[in-house]
Protein chains: 2
Amino acid sequence: MKLSTKGRYAVTAMMDLAVNDRDGPVTLSDISGWQGISLSYLEQLFSKLRKARLVEGVRGPGGGYRLGKPADKISIAQIILAVDESIDSTQCKGSEDCLAGDRCMTHKLWEDLSFRLYEFLNGITLADFIKRPEVRRISVQQNSTSSQISRMFQPVAHA
Amino acid sequence: MKLSTKGRYAVTAMMDLAVNDRDGPVTLSDISGWQGISLSYLEQLFSKLRKARLVEGVRGPGGGYRLGKPADKISIAQIILAVDESIDSTQCKGSEDCLAGDRCMTHKLWEDLSFRLYEFLNGITLADFIKRPEVRRISVQQNSTSSQISRMFQPVAHA
DNA sequence: TATAATACCTAGTAACTTAGTAGGTAATTA
DNA sequence: TAATTACCTACTAAGTTACTAGGTATTATA
């Protein structure tokens, strides 16, 4: 499991699709403008999303992309796994003496953490964000805590 | 919030410190051997961890690193934020017409997701993993599901 | 039928990040 | 005094990110 700007681009683009679902297909050109991402890079991302069947393309004028399945069937984890290369999880390539040596235990702890993270992100769907009447609520709610959030995401203060 | 191999190295190294807490300071040389990470790269990581006061160094023979505070006061989020550069979250650099234009809403949805992720990772501490009698339990529990996990973390199957 | 709009594809590349090497100095223990 | 460790700086190879440039295939519409 990896979380980077690439994954963020994919998730926000999928949110765009979900939010505008009822207005027909959304063009990559539009998303490019809204999100400030180059069209060609979006094409690369959507190629992966399409192969994972998370979106489907519609060619020709009036075309674009639609969600490949209902928004409540698309989790954040699915999106991230579709576009990001997976992390190689262990350094002790399954050598058994490492396990017996008890040092590899931390690898298992890490896998446990990764699994919890996966479950968490797999439990959040696009529908959780864009259920129409609630979008504004989330938005407002977000406003009220946005200053706290930006503080939290600052780099840790250095001594 | 960013999650990469760099963050994983930091988290597993911190787990190593926590697990071996009672045996005195742990040397980077040891961690380097256990985790297969170069000594100098570990030094770079621990420089950041030290500045964030998550570890403290002990010089001289018999020295090494200790946790900077109790394991139940160190969250996974703190570790990751200490070593990873933070992601620049919005592309519409606060331009208000973007907000009014309703397109920037997805940025708020993303921030909401980031915040949930932060809360999740901030709610998990090192102590959750290494409370002594439980380490083996987690390990065993992990074994039973490890095949499922490795399946889940494979790249998404392509059509 | 012609044109435009779109998806869809390949190749190349600049900038950045990751992870490493090399070569030190400072503090501390034995 | 010697060995061991943290701690620091500079440099670098490999990989990833995000972009540019150039196409082809499909389809709606004028």
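So that the names make sense, note that chain A is the first sequence line, chain B the second, and so on, each numbered from 1.
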* Indicate whether OP1 or OP2 belonging to D:dG15 is found under 4.0 Å from a side-chain N or O atom of A:Lys2. => no

* **Distance below 4.0 Å between A:Thr5 side-chain N/O and D:dA18 OP1 or OP2** => yes

* Structure fact -> Result for side-chain contact (heavy atoms from CB on, under 4.5 Å) between A:Met14 and one of A:Ile31, A:Val83, A:Leu45, A:Ile79 points to A:Ile79

* List in chain and number order the residues that pass side chain to side chain donor-acceptor pair (under 3.5 Å) with B:Ser32, two or more places apart in sequence or in another chain; answer none if no residue qualifies. => none

* Structure fact -> Counting primed atoms, P, OP1 and OP2 as sugar-phosphate and everything else as base, the B/S/- map of nucleotides 6-16 of chain C against protein heavy atoms under 4.0 Å is BSBB-------

* Residue pairs, two or more places apart or on separate chains, that pass ring-ring contact (aromatic ring centres under 6.0 Å, His included) and touch residues 61-82 of chain B -> B:Phe46-B:Tyr65

Take the protein atom [atom1] of [X] and the nucleotide atom [atom2] of [N], then report the distance between them rounded to whole Å.
X: B:Arg66; N: D:dC7; atom1: CZ; atom2: P; value: 12 Å
X: B:Arg8; N: C:dA19; atom1: CZ; atom2: P; value: 8 Å
X: A:Asp30; N: C:dA5; atom1: CG; atom2: P; value: 13 Å
X: A:Leu42; N: D:dT20; atom1: CG; atom2: P; value: 12 Å
X: B:Leu45; N: D:dA6; atom1: CG; atom2: P; value: 14 Å
X: A:Lys6; N: D:dT17; atom1: NZ; atom2: P; value: 4 Å
X: B:Leu3; N: D:dT16; atom1: CG; atom2: P; value: 16 Å
X: B:Lys48; N: D:dA6; atom1: NZ; atom2: C1'; value: 18 Å

* Between B:Lys108 and B:Asp112, is there a salt bridge with N-O shorter than 4.0 Å? -> no

* Check: B:Asp72/B:Thr125 side-chain N/O donor and acceptor closer than 3.5 Å -> no

* Asked: A:Thr106 and B:Gln35: side-chain donor and acceptor closer than 3.5 Å?
  -> yes

